[in-house]
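Report on the following structure.
Residue numbers start at 1 and run along the sequence shown.
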Amino acid sequence: MTFDWRRLVGGGGLVGVLVLVAASCGERPEEGGLEIVVEARLVATSPTPTLEEIAPYDEALVHHEYVIERVLAGARETGRVRVARWGVLAGKEQESVGEVGSIGTFTLLPLDDVPGIETVRVVDDLPFEPDAPVYLDLSQSLASPDAPAQVRYDYGMNWARRMLTFWRAGHQIRLVVVGNSHAAAAVAARQFFQPENETMPVAVNMSPPGSGMALQCLLVHEYFMKLPKLEWIVWGVSPRIFNERTVPDRRYEIFTGSPGYRYDQTHRDSLLPFDIDAPPVTVGDIKEATGKSYTMWGWSPGRIRKYPLPLDEESEQEILRQCRMDRFVESSELWDEFEATVELVTGRGIKMLLFIPPYHPLVKGAEAADGDGTGHDAYRRIVARLERIASENSLVFFQDIHDGGDHNFPDEEFVDVDHLMEAGALRLTPRLVEIVEANSVRD
């Protein structure tokens with residue numbers, strides 16, 4: 001079966017890109033007519049996070065509460081509203097909101113009308129009000145991310161070091177981890193192929209936080225399949241990637257619009273194929289180039305826990321609220337894209353290990369199976385289909401590590417409802433390593 005994964009970012013995707021670019025530049029978008037201009041007073045705030053606090057993400061929206069005093073343009077009554085402002089964007093921490101009581105003029109767009117925005121990390125310490133209207137602040141003055149030392153590796157995300165490792169060590173990479181933030185936090189790629197990988201990166205985690213099917217498949221098709229020594233793709237399959245609500249993939253649009261991606265397209269003939277006879281690239285080589293050592297394997301575990309230890313009743317209720325409703329619309333097109341990618345990879349003799357990352361054990365008793373609103377029935381259908389894919393292809397292996405919440409990862413090993421702390425990742429990864437080692441044949 002031939003499948004064009006690019007079709008999945010068509011339709012409303014361009015509108016979403018225009019809106020988000022406008023938001024990033026502090027300009028009013030020309031399209032849509034959905035925005036309003038208001039004079040509003042700040043009445044309650046959520047704290048602006050640091051980049052470390054939102055790991056493994058590199059962007060976050062922060063919710064604040066305003067009272068609209070006057071409507072200057074657009075259809076809207078006065079009253080209380082929630083306003084989402086960028087706290088971190090493209091790995092750059094933004095200025096905090098003003099003082100409570102301050103009054104300003106804002107251009108706002110209903111958050112539900114911004115395609116792909118629901119994949120962005122949200123910081124919200126306001127009282128729980130599920131029916132409160134939420135807007136994106138298009139008039140926010142944003143700090144422009146510092147220009148990278150080499151625009152060559154600017155992929156529009158906090159990804160320069162990962163891509164530098166990819167291009168410098170591509171001729172020796174044998175295993176790649178792909179997925180979204182759940183896989184980025186859960187898989188310590190450094191543990192594969194020891195002791196070789198300890199000194200010479202041959203296994204890397206290339207999972208872009210917040211990504212959907214489109215970006216994950218683009219990476220497989222246009223990047224990972226170009227690695228001459230690739231033996232394994234380990235894919236953290238979060239159920240959300242089969243949800244129609246995740247289309248368009250905002251992170252795909254950011255990535256494909258970046259200087260780094262454009263450079264790759266323009267210089268593809270000189271970049272590829274990799275020279276398999278090139279000298280080995282060591283950990284020291286990568287550290288010298290990037291200034292940091294841990295990022296050469298691409299692992300990005302959660303480091304600052306959201307909830308108190310031990311978990312209190314209020315935090316338990318918060319976790320359950322995040323999983324309070326079924327928002328899953330299964331997409332046959334997303335499944336087709338995924339299965340076509342699996343066929344492409346295994347058709348070239350490369351093995352695949354598919355796994356569902358664990359979510360907080362409390363979700364077992366919640367209305368949905370995860371914080372993304374995947375219903376329990378939908379989750380079981382996804383597991384059954386992944387099991388069938390593995391049973392029909394001898395190069396595909398599948399592990400449902402979440403197991404409906406019946407796993408051995410306790411509360412203290414989670415940052416939040418769906419991301420592992422470092423300790424949890426260091427216990428999970430050996431389970432994947434065992435499967436890879438048992439099914440790898442080396443000369």
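A heavy-atom distance below 4.5 Å is found between the side chains of L362 and L311. Residues N180 and P208 fail the side-chain proximity criterion, which asks for heavy atoms closer than 4.5 Å. Residues L89 and Q94 have side chains in contact (heavy-atom distance under 4.5 Å, counting atoms from C-beta outward). Within the 4.5 Å cutoff, side-chain heavy atoms of H221 are placed close to those of T341. Taking 4.5 Å as the limit, every side-chain heavy atom of F398 sits out of range of all side-chain heavy atoms of V237. Residues W299 and E422 are in side-chain contact: their nearest non-hydrogen atoms beyond the backbone lie under 4.5 Å apart. Within the 4.5 Å cutoff, the side chain of D411 has heavy atoms near those of the H360 side chain. Between L61 and V123 the shortest side-chain heavy-atom distance does not fall below 4.5 Å.
Put simply, CD1 on I233 and CG on L354 are 10.0 Å apart, with the number rounded to the nearest 0.5 Å.
Proximity of a side-chain donor or acceptor of R251 to a complementary backbone N or O of P209 within less than 3.5 Å is detected. For S331 (side chain) and F242 (main-chain N/O), no donor-acceptor pair under 3.5 Å exists by modelled atom type. For the pair T429 (side chain) and L426 (backbone), a donor-acceptor distance under 3.5 Å is absent. Between the side chain of H376 and the backbone N or O of A366, at least one donor-acceptor pair lies under 3.5 Å. Judged by distance alone, with hydrogens and angles left aside, the side-chain atoms of N439 form no donor-acceptor pair with the main-chain N or O of V396 at under 3.5 Å. Judged purely by atom type and a 3.5 angstrom limit, D372 has no side-chain atom pairing as donor or acceptor with the backbone of T374. Judged by distance alone, the side chain of N205 and the main-chain N or O of V187 form a donor-acceptor pair under 3.5 Å. D249 places a side-chain N or O within donor-acceptor distance of the main-chain N or O of G212, the cut-off being under 3.5 Å. Counting only distance, with no hydrogens or angles, the side chain of N197 and the backbone of A203 share a donor-acceptor pair below 3.5 Å.
The shortest heavy-atom contact between S258 and G156 is CB-N, 3.6 Å. In terms of heavy-atom proximity, L353 sits nearest to V436 at CD2-CG2, 4.2 Å. Nearest heavy atom pair, residue P308 against residue S315, reads CD-OG, 3.2 Å. The heavy-atom pair separating F414 from R305 by the smallest distance is O-NH1, 2.8 Å. Contact detail for A425 and L420: the closest heavy-atom pair is N-CD1, 4.0 Å. In terms of heavy-atom proximity, P228 sits nearest to G170 at CD-O, 3.7 Å.
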**Q.** E59/R121 under salt bridge (charged side-chain N to carboxylate O under 4.0 Å, His left out): CA gap, chis, key distance, verdict
**A.** CA-CA 7 Å; E59 59 181 8; R121 171 73 180 269; over 6 Å; no
Q: Would you please test Y379 and H402 for ring pair (Phe, Tyr, Trp, His ring centres under 6.0 Å) and show each step?
A: CA-CA 10 Å; Y379 164 76; H402 178 57; 5.5 Å; yes
(Q) Does H182 form a side-chain hydrogen bond (donor to acceptor under 3.5 Å, both in side chains) with S238? I'd like the steps, not just the answer. (A) CA-CA 7 Å; H182 304 146; S238 298; 2.6 Å; yes
Q. Checking side-chain hydrogen bond (donor to acceptor under 3.5 Å, both in side chains) for the pair H419/S181: CA distance, chi angles, key distance, verdict?
A. CA-CA 8 Å; H419 297 95; S181 62; 2.6 Å; yes
Q.
Does W297 form a side-chain hydrogen bond (donor to acceptor under 3.5 Å, both in side chains) with Q191? I'd like the steps, not just the answer.
A. CA-CA 9 Å; W297 292 282; Q191 295 186 339; over 6 Å; no
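Figure legend: cation-pi geometry between R385 and W335, with NZ or CZ positioned under 6.0 Å from the six-membered ring centre and within 45° of its axis. Annotation: cation-pi geometry not satisfied between R245 and F328 (NZ/CZ under 6.0 angstrom from ring centroid, within 45° of ring axis). Annotation: cation-pi pair R82/Y135 absent, no NZ/CZ under 6.0 Å from the ring centroid and within 45° of its normal.
Between K306 and D416 there is no salt bridge, since no side-chain nitrogen of the basic residue lies less than 4.0 Å from a carboxylate oxygen of the acidic one. Salt bridge E392/R388: present, at least one basic N to carboxylate O contact under 4.0 Å. Between D264 and K226 there is no salt bridge, since no side-chain nitrogen of the basic residue lies less than 4.0 Å from a carboxylate oxygen of the acidic one. R327 and D370 are not joined by a salt bridge, as no carboxylate oxygen comes within less than 4.0 angstrom of a charged side-chain nitrogen. Ion pairing between a basic and an acidic side chain is recognised when a charged N comes within 4.0 Å of a carboxylate O; R321 and E318 show such pairing. Under the 4.0 Å criterion applied to side-chain N and carboxylate O atoms, E196 and R174 are assigned as salt-bridge partners. Ion pair R324/E367 not flagged as a salt bridge, since none of the NZ, NE, NH1 or NH2 atoms sits closer than 4.0 Å to an Asp/Glu carboxylate oxygen. A salt bridge does not link K351 to E231: none of the charged nitrogens lies less than 4.0 Å from a carboxylate oxygen. A salt bridge links E198 with R190: the closest approach of a Lys/Arg side-chain nitrogen to an acidic carboxylate oxygen falls below 4.0 angstrom.
Shown here are the ring pair (Phe, Tyr, Trp, His ring centres under 6.0 Å) partners of F224, two or more places apart in sequence or in another chain: there are none. With sequence neighbours left out, the salt bridge (Lys or Arg N to Asp or Glu O under 4.0 Å) criterion links D406 to K364.
Remark: the T282 side chain and the D285 side chain contain an N/O donor-acceptor pair separated by less than 3.5 Å.
No more than 12 heavy atoms of other residues, nucleotides or ligands shown are found within 6.0 angstrom of CG on D269.
Note: Y359 and H407 fail the aromatic proximity criterion, with ring centroids not under 6.0 Å apart. Ring-centre distance between Y155 and Y261: not below the 6.0 Å cut-off.
Among F355, W235, W232, the one residue that satisfies the ring pair (Phe, Tyr, Trp, His ring centres under 6.0 Å) test with F397 is W232.
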